[in-house]
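Take a look at the structure set out below.
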Amino acid sequence: IMEKSLLYPVTNAYREDQKLDGLWDFKFDPASEGEKNGWTEGLADPIEMPVPASFNDFFTDKDAREYTGDFWYVKKVFIPKYFEGKQIGLRFGAATHRATVYVNGQKIRSHEGGFLPFTADITGATKLGEENVVAVKINNELHRDALPAGDTMTLKNGKKMAKPFFDFYNYSGLNRSVHLIAIPKDNVYDYSTTYEVSDEQATVHYTVQTDAQADVKVSLADEAGNVVATATGSTGDLVVKNPTLWQVRDAYLYTIKIQLLENGTVVDAYSDEIGLRTIEIQGHQILVNHKPVYLKGFGRHEDSIYAGRAFDLNVERRDLNLMKWIGANSYRSSHYPYDEQAYKFADREGILITDEVPAVGFKMAAASFLGGLDQSFFDGDWIDELYKKHIDQVKDMIKRDKNHPSVLAWSLCNEPDTSSESAVPYFTKLFNDSADLDPEKRPRTFTLNEDDTFETSKCLKFPDFYLLNRYPGWYHKWGYEISDGEAGLRAELDEWKNSDIDKPIVFSEYGADTEPGLHKLPSIMWSEEYQIELLEMFNRVFDSYDFIRGEQPWNLADFQTVEGNMRVNGNKKGIFTRDRQPKAAAFYLRKRWNSLPLSY
Ligand SMILES: CCC[C@@H]1NC[C@@H](O)[C@H](O)[C@H]1C(=O)O
């Protein structure tokens, strides 16, 4: 059935893709009475709500902005007669955090996980040539046995409140586009590629997945549209002489075209843009096309004013221009898989992405910062249920993103509590169960924060390379004490250096909250001068160890978090402000990164 496919929707001679962006009817359902009251057929006195968007920041009253619980989106959708005989589906880019889909009052399916797509097969529930009622019930509560981890508490006044164990706002809703799709009954439901490359020749080993008894024809065209290779069969090789490889910050995309034929007639086709390149880890080096790459970039968020965590192509265009301006070549999709369009954009711009699942907040210390327990997260009784959702989302992330040349690596967790032995069985399972998901076998890793050092982490054997989140100068040894912070950082890196570990280290987070426009001589914390001094300290350290192969300060831009006495309208560690304007540190980093080789 079409629900197992995560292929991005396309319109072509055999398939149709209609975006259902725009205003939907919207209504909160605090008493969870929607089904009982017939909301699957329509909402009484609804609010008009934009899609894609988070609902939160549109509201002027706090109960609505902070709303936690069930809420509904309903839209009338005309389904044309010419869909007759096709499989008809609703494809959700993301429904945050869990959803149930109804069509004409009939329950179709549910889905857990607010940052990955799913398709509801509505073929049997639709009336062709008429308007159909699409209703989606969404819930945005946080739980310790779900991703991202947190709690949901009930206040004395009966209202629910999200308590995230993570540092970004629980923006919720239909944060990405909803597509009405029609595909042939006999169809391609997935494909994958692996590569061998040299300057003289590149080979694309492809696999096409279909349930149909059909012939498969595959061709590869260059950017000018010239067919450079063809093959037949559901698996095979496309050999390209004198290929133009996909390079970091110098992208080149070929178009792979897959056709299904029955008795010589094409019944389905799917094409996609791919990049001929390889990714390897060799000793302390990260290699692209067998050449070492040094990562310069950021941790990011899908976050902007008005629509919260909605994917916004305008913001993405600006962010990629900022990254080019500053000399970056990479980013981490912290702390969840981003919209597919972000990866397509990075494919075109030659940017490398460390793709991260929303396994974030797996650390009670973070929770205690937010009022949680003081124990190892992995001793919790919620771990078994959590793991099922965790590995399910790792599988979907890799299945969805595996064909992007921009994807460099998979980050399977952010800052988990690995300082206790109870983390080991969890990570043993996670790395065993994810070992064969990526046909290209790209490196898998997770970020290690302050409590998870060379000395204290019990899980250093799992990552293929290390992502370190370190905050001397901010969360400890801050201000005038930063010299001790540098000494401590050097001491830890000396331990890595003197160990027998021979894998690359990338600094995936470091930084200082900075109020734009706050200047002080000499510097103080929160001033633009201090943010630069902190970066200078880290860069002195990075330039002292040759196994450090990447620097990705936190964060590209300021972003929204819960309100709290440690946050001034969100996290201000951005090198750019939330409206994407530079702080002084942006000019400092641009100077440093443009003095390094562009991509290596
Ligand atoms: C000490 C952990 C730092 C933390 N790391 C995860 C990010 O999502 C947060 O924003 C960042 C912060 O607090 O700035």
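Order of appearance sets the numbers: ligands from 1, and atoms from 1 within every ligand. Just so it is clear, the structure is predicted and the values come from calculations on it, not from any experiment.
- Asn414 and Arg332 share a donor-acceptor pair across their side chains, judged by distance under 3.5 Å alone.
- Of the N and O atoms on the side chains of Asp558 and Thr577, not one donor lies less than 3.5 Å from an acceptor on the other residue.
- A side chain to side chain donor-acceptor pair (under 3.5 Å) with Tyr471 is found for exactly one of Lys573, Glu509, Lys477, namely Glu509.
- Other residues, nucleotides and ligands contribute only 12 or fewer heavy atoms inside 6.0 Å of the CD atom of Glu563.
- Neither side chain, Asn555 nor Asn571, offers a donor N or O lying under 3.5 Å from an acceptor on the other.
- Not a single donor-acceptor pair under 3.5 Å links the side chain of Asn329 to the backbone N or O of Leu295.
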For ligand 1, what N or O to protein N or O distances fall under 3.5 Å?
from     : atom 1 : to     : atom 2 : distance (Å)
ligand 1 : 5 (N)  : Glu415 : OE1    : 3.2
ligand 1 : 5 (N)  : Glu415 : OE2    : 2.8
ligand 1 : 5 (N)  : Glu509 : OE1    : 2.7
ligand 1 : 8 (O)  : His335 : NE2    : 2.6
ligand 1 : 10 (O) : Asp167 : OD2    : 2.6
ligand 1 : 10 (O) : Trp554 : NE1    : 2.9
ligand 1 : 10 (O) : Asn571 : ND2    : 3.3
ligand 1 : 13 (O) : Tyr475 : OH     : 2.6
ligand 1 : 13 (O) : Arg567 : NH2    : 3.1
ligand 1 : 14 (O) : Tyr475 : OH     : 3.4
ligand 1 : 14 (O) : Asn571 : ND2    : 2.9
ligand 1 : 14 (O) : Lys573 : NZ     : 2.6

